[in-house]
Amino acid sequence: MICIKDISIVDGISKTPYRGYILIDKGRVVEIGRELDIYSENIVIIEGEGLHILPGLVDMHCHLREPGYEYKEDIESGTKSAVAGGFTSISPMANTNPPIDNEGMVNFVKSRARTVGVVKVYPIATITKGLKGKEITEIGELCEAGAVGISDDGMPVVDSNVMKLALQYSKMFNMLVISHSEDLNLVADGVMNEGYMSTVLGLKGINRAVEEIGIARDIILAKNYNTPIHIAHVSTRGGVELIRQAKHERVPITCETAPHYFSATDEWVEGYDTNTKVNPPLRTADDVEAIKEGLKDGTIDVIATDHAPHHMDEKNIEYNLAAFGISGFETAFSLAYTNLVEKGILSLATLVEKMSSNPASILDIEGGKIEEGSTADMTIVDLNREYVVDVENFYSKGKNNPFNGKKLKGKVLYTIVDGKIVYERGEIL
Amino acid sequence: MALKKKDILGLRDLSVEEIDEILNTAELMKYILMQNNKRTPHLQGKSIVTLFYENSTRTRLSFELASKYMGASAANVSTSSSSVTKGETLLDTGRTIESMGADVIVIRHPMSGAPHLLAKHVDASIINAGDGMNEHPTQALLDMYTIREKLGKIDGIKVAIIGDIMHSRVARSNIWGLKAMGAQIYLAGPQTLMPLEIERTGAVVCSTVEEAIEGVDVVMGLRIQRERQREGLIPSIREYTHLFGIDGRRIELASPNVIIMHPGPVNRGVEMTSEVIDCPASVIEEQVTNGVAVRMALLYLLTRRRVVA
C-alpha cells in the first residue's frame with residue numbers, strides 16, 4: 001500500500017484542488033479522504049505537503065522511433081523520458097520503419113512496451129499502407145490489435161478521396177483519425193515560418209496557409225461526411241479560428257497543440273539554432289496569442305508533446321539539412337505550467353483536462369481522473385520549484401530541445417503507473 | 001585599428017562604427033593596391049583558407065589576391081554542392097581546416113546560416129562570402145565603399161535595388177548596411193520574387209521599376225537566375241526583361257549624377273542592357289577593384305584582433 005498524504009488533489013473531475021490523502025493498493029485508488037487515521041508498517045508514505053497530485057498525464061502524440069530509428073530513440077528510452085515528464089499513458093505515432101500499418105506491427109509495439117517500457121503505450125497505426133497516401137489500412141484489424149487511432153503523421157493524406165474513405169471506414173470501429181493537416185505543394189522546401197523572420201534570415205518559409213488549407217479541407221470532409229476527426233499540432237491563428245468556427249457548427253472535431261507553439265516564436269530561429277526547427281514551424285507572437293486564446297476558450301482540447309527525438313548528428317548541421325522536431329516529453333508540463341497557469345490563462349484543473357482527461361477521453365482509454373476505484377496512474381508535481389532545463393539530464397536519447405538553459409517553473413517529482421512508483425525525484429525506479 | 005568581432009557573418013550585426021572602420025581601412029588598402037609594388041607585410045605569417053561550396057570566380061579570386069598581396073599563405077578548398085548532402089559534414093571539414101593552422105576561413109555555402117554554424121564551433125575567424133539567401137557582407141561593403149568613393153557620402157542618398165530580392169543575399173546585406181549608414185532604399189521586382197514583409201526593414205517596395213528608379217543616386221541591378229523560370233516564379237526571362245530590365249530609357253528617370261552598379265556576373269541584355277553596363281555612369285568594374293581593397297581591409301582587421309587580444 002502507498003499513501004500520499006497532506007497533498008493538494010486535482011482529480012480531473014472537480015474544478016478546484018482539495019487537500020487530503022490518497023491510498024493506493026493493488027494498482028488502484030482505494031481511498032481518498034481528508035485525514036488519514038490508519039497507520040501500518042506496510043504502508044509506504046509519501047509526504048505531500050506543498051505538492052499537487054494530478055491524474056497521470058496522457059500524451060496522444062509522440063514518436064518513440066522504434067522500430068527503425070533506434071539511434072534516435074527506442075521504446076525503452078522513450079518511455080523513460082515520458083515518465084520523467086509525468087506521463088503515464090502515451091500514444092506513439094506510426095511513422096517508424098517499417099511503419100505501423102498492420103496487426104503484426106501493432107503487436108510488436110505493444111509487446112516491446114510491455115517488456116522494456118515503463119508507461120502504458122497505446123499505439124497509433126497508419127491511415128494508409130506504407131504511409132504512401134494511396135490505400136487505407138486494415139483498420140478493423142488494427143483496432144482489434146489495440147491501435148487507438150490512425151494517422152499518417154509526418155505526412156498529410158494528400159488525396160481527399162483517400163482521406164474521406166479513411167474517415168468513413170474508421171467510423172465503423174470508432175477509430176480516431178488524427179490528421180497531420182498540410183498542403184504539401186505549398187510547403188515546397190520551407191524550413192521555418194514564412195514572414196519577417198524568414199525574410200531576415202534568408203530561409204525558405206512555410207506559410208500559415210499550408211496548415212490552414214489542410215485544416216479547412218479536413219473540416220469540410222468531417223462536416224460533409226459527418227465523421228469525427230482530430231487535428232494534430234495546431235500552430236496558427238487561422239487554424240484556431242477555423243476549428244472554433246467548425247465547433248460552433250457542431251462538426252465532430254477535436255484538436256491539439258504542442259507546448260512549443262505557446263512557448264516560443266519564429267524569432268527563436270535567430271542564430272540558426274537547429275533545435276528550433278520543427279514542423280509545423282514556430283510561428284509569430286500573434287499566433288502564440290491565438291493558441292493561448294484557443295486553449296482558454298476550449299477550441300483546443302489537448303496539449304500533446306509531439307515528442308520528436310533526433311540524433312545530434314541530425315541537428316549539428318546546416319539549418320536546411322537538419323531534421324524537424326523537438327524532444328519534448330521532459331519539458332512539456334513545466335512549459336505548460338509556466339506559460340499558461342502561471343500567466344493566468346488556464347487554471348491548474350483546466351491544464352489537467354488538456355494534458356490528461358481530454359486526451360484520455362478522445363482516445364477512449366482509461367485515465368484522466370483520480371477517484372476511488374480508478375487505476376492508480378498519477379503524477380505528483382511541485383509547482384513552486386523553479387529549475388533550469390538541462391538536456392544532458394534528459395532520459396530521452398534526443399537532446400534536441402530549444403528550451404535548454406531556460407528557467408521553468410513546476411517540476412514533476414513522482415510518476416505512479418498502476419500503483420507503482422516508477423519515477424521519483426529524477427530517478428527511474 | 002582592429003575589430004572586436006571574431007567573425008564577419010553579416011552586416012545586420014555590424015555597427016555603424018565597425019562599418020566606418022572597415023571602409024576607412026579599405027581606403028588605405030586601395031592606396032596600396034594602386035602602387036606598382038603591391039606587396040605589404042600586413043598578413044605575414046597568417047594563413048587564409050577559402051572554403052567554397054558554390055562556384056565563384058570573382059569573390060574567391062578577390063580573397064585569394066587580397067591574401068597574397070599582404071603576404072599571407074592562401075589556399076582554397078572547392079567542394080561541389082553535392083557533397084553538402086553526402087560525405088563529410090561542414091563542421092568536420094571546418095575543424096580539419098582549422099587543425100592545419102588556418103587563421104581565417106572564408107566560406108561560401110548554398111545554405112543560409114552555414115557560416116554561423118561554423119563560427120560557433122571553430123576558433124578561426126570566419127568570413128561569410130555568401131550564404132544561401134541570407135547575406136553577402138563583403139559584397140555590400142565593397143558596394144558601400146564604391147558609393148562613398150563616388151558620391152562622397154552614404155547618409156541621405158537614395159538607392160534603387162532591382163530584381164530577384166527574395167533569393168538575393170547581396171540585396172539583404174546592402175539593405176542592412178545602407179540603412180544603417182543612413183541611405184533610403186527602393187526595391188522593385190516581380191512580386192513572386194519579393195520576400196514577405198521586407199518593408200519592415202525600412203526599405204520601400206515599389207510597384208514598378210520606374211517608380212523605384214525615379215530620382216535615385218544609385219541603381220543596383222541583381223543577377224536573375226534562369227532557374228527562377230524553371231521554378232515557375234516568373235513566366236519567362238523575356239517578360240522579366242520587359243518589366244524590370246534596366247535600360248537607358250529607365251536610367252533617364254534617375255538623378256543626373258546616378259551611378260550604376262551590379263554585383264556580377266551580369267546577364268547582358270537580361271537584367272541590364274549593354275548600353276547601361278558600358279556607359280560612363282557604370283561603376284561595375286571599379287566595384288571589382290574595390291572588392292580586393294575591402295577584403296584586404298577585413299582580413300587585416302580580423303587577424304589584428306588576435307594580436308590586440
Side-chain angles (χ1 to χ4, degrees), chain A residues 184-210 212 236-238 265-277 281-287 310-324 400 402 404-405, chain B residues 9-13 53 81 83-95 107 109-121 128 130-137 165-173 175-176 187 193-203 205 231-233:
Chain A
L184 264 198
N185 284 322
L186 204 50
V187 177
D189 44 4
V191 295
M192 69 172 292
N193 181 54
E194 185 173 43
Y196 181 63
M197 285 312 293
S198 65
T199 291
V200 165
L201 294 169
L203 291 171
K204 291 250 170 85
I206 301 173
N207 198 278
R208 295 174 189 81
V210 165
E212 291 160 13
T236 64
R237 173 175 289 279
T265 66
D266 59 355
E267 291 185 15
W268 288 42
V269 183
E270 179 78 79
Y272 302 94
D273 175 5
T274 53
N275 291 320
T276 63
K277 186 173 173 183
L282 299 177
R283 306 288 187 181
T284 66
D286 180 62
D287 296 292
H310 289 291
H311 192 274
M312 63 178 277
D313 288 349
E314 297 166 302
K315 284 290 192 181
N316 228 348
I317 49 179
E318 294 87 331
Y319 203 90
N320 286 344
L321 301 179
F324 287 100
N400 49 303
N404 189 32
Chain B
L9 300 177
L11 285 192
R12 192 159 63 94
D13 36 50
Y53 287 91
S81 56
S83 67
V84 173
T85 44
K86 56 183 181 194
E88 197 173 46
T89 65
L90 172 62
L91 286 187
D92 285 340
T93 307
R95 288 193 189 111
I107 178 174
H109 197 286
M111 294 175 192
S112 303
H116 306 66
L117 176 68
L118 194 54
K120 248 182 272 178
H121 290 91
N128 180 2
D131 64 324
M133 313 188 294
N134 179 41
E135 285 222 42
H136 191 352
I165 310 293
M166 180 188 278
H167 297 92
S168 177
R169 51 198 179 207
V170 175
R172 278 182 183 71
S173 282
I175 290 171
W176 301 125
L187 303 173
L193 296 175
M194 196 58 79
L196 283 190
E197 301 184 43
I198 186 76
E199 65 283 355
R200 279 176 63 184
T201 60
V205 179
E231 292 162 354
L233 292 166

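Predicted model, so just to flag it, every value in this text is computed and none were measured. Below, read A as the first sequence line, B as the second, and so on, with proteins coming before strands; counting in each chain starts at 1. Worth knowing before you read on, the calculation uses all heavy atoms, side chains too, and leaves out hydrogens, waters and symmetry mates.
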Separation between NZ of B:K120 and OH of A:Y272, rounded to the nearest 0.5 Å: 10.5 Å
Proximal component of A:V200, with respect to chain B [non-hydrogen, under 4.5 Å]: both
Contact class of A:D313 relative to chain B, heavy atoms under 4.5 angstrom: neither
Exercise: identify the closest heavy-atom pair between B:E135 and B:L11: OE1-N, 2.7 Å
Minimum-distance pair of heavy atoms, taken over all atoms of B:A203 and B:L187: CB-CD1, 3.8 Å
Count the heavy-atom pairs under 4.5 Å between each of [options] and chain B, then report the option with the highest count.
| options | value |
| --- | --- |
| A:D273, A:L201, A:I317 | A:L201 |
| A:T199, A:L203, A:T274 | A:T199 |
| A:G205, A:G271, A:G195 | A:G195 |

Where on [X] is there a heavy atom nearer than 4.5 Å to chain A: the side chain, the backbone, both, or neither?
| X | value |
| --- | --- |
| B:R172 | side chain |
| B:R12 | side chain |
| B:L91 | side chain |
| B:S168 | neither |

Audit row: B:T93, B:Y53, side-chain contact (heavy atoms from CB on, under 4.5 Å) steps and yes/no: CA-CA 11 Å; B:T93 307; B:Y53 287 91; 3.7 Å; yes
Option in B:H167, B:E197, B:H121 with maximal non-hydrogen atom pairs under 4.5 Å from chain A: B:E197
Among A:D287, A:T236, A:D286, the one residue meeting side-chain hydrogen bond (donor to acceptor under 3.5 Å, both in side chains) with A:R208: A:D287
Any donor-acceptor N/O pair, A:K277 side chain to A:V191 backbone, under 3.5 Å: no
Greater than 12 external heavy atoms within 6.0 Å of B:E231's CD: yes
